[in-house]
Amino acid sequence: IAFENYTATNEKLSFSTTNARITDIYDPQGIWQEPIVKDQNLVTTIKSSPGFKTAFVRLKQGAIEWWEPVDMEIRNPVEIIADKRQDVDKLNFRIQNNTSKLLTGTLILNSSANGFSQELSIKPNAESDEIHVNVEYLVPGSNRVKIESNTNSYEKSIINWNIKSS
């Protein structure tokens, strides 16, 4: 059974077996939503929360049958990843798009009238270049990063006590 190492919540997942036929599934962690099995193929939508998960498919090849584990990492569709070490004059972070679709939208930081915003476009299953936000848009402590797309919004606070008040 071959597929990507990870997938995101609400993403479609499909995989095939090479020689064996899928005869049954067992999903004790409730990962899959309405799985469809046809011969050597399984197609489903991921409904699980993020984490490392396992489901099982029963395979049959000739007279031999066995349960095969399907291990996967489920991630949030979009992740805001802050650098562990932050500067005193800027906030540094990246955006990880864990979906199979292009992510387009607006990045908004500290959504006040003088907040920072920029348009962004991140390829499927890719990470943005590092984003740097200068000190004039920041406050010491928590700075709220928000990504607004046509369909969803994603938020995270990035903490940087090194920021010097202006």
Side-chain angles (χ1 to χ4, degrees), residues 1-16 25 27-36 41-57 69-163 166:
I1 298 172
F3 58 95
E4 291 291 324
N5 296 346
Y6 67 88
T7 188
T9 302
N10 298 321
E11 280 289 289
K12 292 268 187 224
L13 173 73
S14 64
F15 60 83
S16 303
I25 60 170
D27 182 11
Q29 294 181 310
I31 302 167
W32 299 332
Q33 181 177 3
E34 300 175 7
I36 299 168
N41 303 303
L42 183 139
V43 178
T44 189
T45 301
I46 300 298
K47 70 174 182 178
S48 177
S49 59
F52 291 92
K53 310 289 176 145
T54 302
F56 301 87
V57 293
V70 180
D71 298 319
M72 64 188 78
E73 179 186 0
I74 299 173
R75 297 179 179 178
N76 285 316
V78 174
E79 296 174 296
I80 300 166
I81 305 163
D83 288 358
K84 291 194 185 313
R85 303 195 82 190
Q86 294 287 336
D87 297 323
V88 296
D89 60 345
K90 61 183 162 234
L91 198 64
N92 305 308
F93 59 94
R94 296 172 317 286
I95 313 277
Q96 173 71 43
N97 178 6
N98 293 320
T99 72
S100 58
K101 298 177 180 75
L102 178 70
L103 172 65
T104 57
T106 306
L107 169 70
I108 302 165
L109 193 119
N110 296 333
S111 56
S112 63
N114 63 343
F116 172 87
S117 72
Q118 87 177 34
E119 297 302 309
L120 50 84
S121 178
I122 305 170
K123 293 179 182 175
N125 296 305
E127 186 173 273
S128 72
D129 291 334
E130 189 162 65
I131 298 167
H132 307 282
V133 179
N134 290 329
V135 69
E136 63 262 21
Y137 302 106
L138 305 174
V139 295
S142 294
N143 288 275
R144 195 79 183 148
V145 178
K146 183 176 185 179
I147 300 165
E148 290 183 346
S149 72
N150 290 339
T151 55
N152 289 305
S153 68
Y154 308 93
E155 293 186 50
K156 180 178 181 174
S157 287
I158 298 177
I159 299 172
N160 183 352
W161 287 104
N162 297 323
I163 296 296
S166 44

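Fair warning: this is a prediction, and the values are worked out from it, not measured in the lab.
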Self-check item: Derivation and outcome, side-chain contact (heavy atoms from CB on, under 4.5 Å), residues N97 and K123
Solution: CA-CA 7 Å; N97 178 6; K123 293 179 182 175; over 6 Å; no
Self-check item: Worked check of side-chain contact (heavy atoms from CB on, under 4.5 Å) between F116 and L107
Solution: CA-CA 8 Å; F116 172 87; L107 169 70; 4.1 Å; yes
Practice problem: Applying side-chain contact (heavy atoms from CB on, under 4.5 Å), run through Q86 and L91 and close with a yes or a no. | Solution: CA-CA 6 Å; Q86 294 287 336; L91 198 64; 3.7 Å; yes
Practice problem: Starting from the C-alpha separation in whole Å, work towards a yes-or-no answer on side-chain contact (heavy atoms from CB on, under 4.5 Å) for L102 and S121. | Solution: CA-CA 7 Å; L102 178 70; S121 178; 3.5 Å; yes
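Side-chain contact between F56 and P28: present, with at least one pair of heavy atoms (C-beta onward) separated by less than 4.5 Å. A heavy-atom distance below 4.5 Å is not found between the side chains of K12 and T7. The shortest side-chain heavy-atom distance between E148 and S153 falls under the 4.5 Å cut-off.
Side-chain atoms of N160 and N143 include no donor-acceptor pair closer than 3.5 Å.
No donor-acceptor pair under 3.5 Å is formed between the side chain of S142 and the backbone N or O of S157. In terms of modelled atom types and a separation under 3.5 Å, the side chain of K47 and the main chain of Q33 share no donor-acceptor contact. Between the side chain of E34 and the backbone N or O of T45 there is no donor-acceptor pair closer than 3.5 Å.
Considering T44, I31, V43 in turn, T44 is the only one that fulfils the side-chain contact (heavy atoms from CB on, under 4.5 Å) rule with L13.
Taking every heavy atom of both residues into account, S100 and N125 meet most closely at CA-ND2, 4.1 Å. When all heavy atoms of V135 and V88 are compared, the closest pair comes out as CG2-O, 4.2 Å. Across every non-hydrogen atom of N98 and A8, the tightest pair is O-CB, 3.5 Å. Among all heavy-atom pairs drawn from F15 and V57, the shortest one is CZ-CG1, 4.1 Å. Looking at every heavy atom in both residues, Y154 comes nearest to P77 through OH-CB, 3.9 Å. Summarising the geometry of I74 relative to K53, their closest heavy-atom pair is CD1-CG, 3.7 Å, with the distance given to 0.1 Å.
Remark: I81 CD1 to N92 CG distance equals 13.5 Å, nearest 0.5 Å. In this structure, Q29 CD and M72 CE are separated by 9.5 Å, a value rounded to the nearest 0.5 Å. Here CD1 of I122 is found 6.0 Å from CD1 of I147. Values are rounded to the nearest 0.5 Å. How far CG of L120 is from OG1 of T106: 7.0 Å, rounded to the nearest 0.5 Å. Remark: E136 CD to D89 CG distance equals 9.5 Å, nearest 0.5 Å. A distance of 10.0 Å separates CG of D27 from OG1 of T54, quoted to the nearest 0.5 Å.
The number of heavy atoms from other shown groups lying within 6.0 Å of CD (Q118) is above 12. Within 6.0 Å of CG on D129 lie no more than 12 heavy atoms contributed by other residues, nucleotides or ligands.
With sequence neighbours left out, R144 forms a salt bridge (Lys or Arg N to Asp or Glu O under 4.0 Å) with E155.
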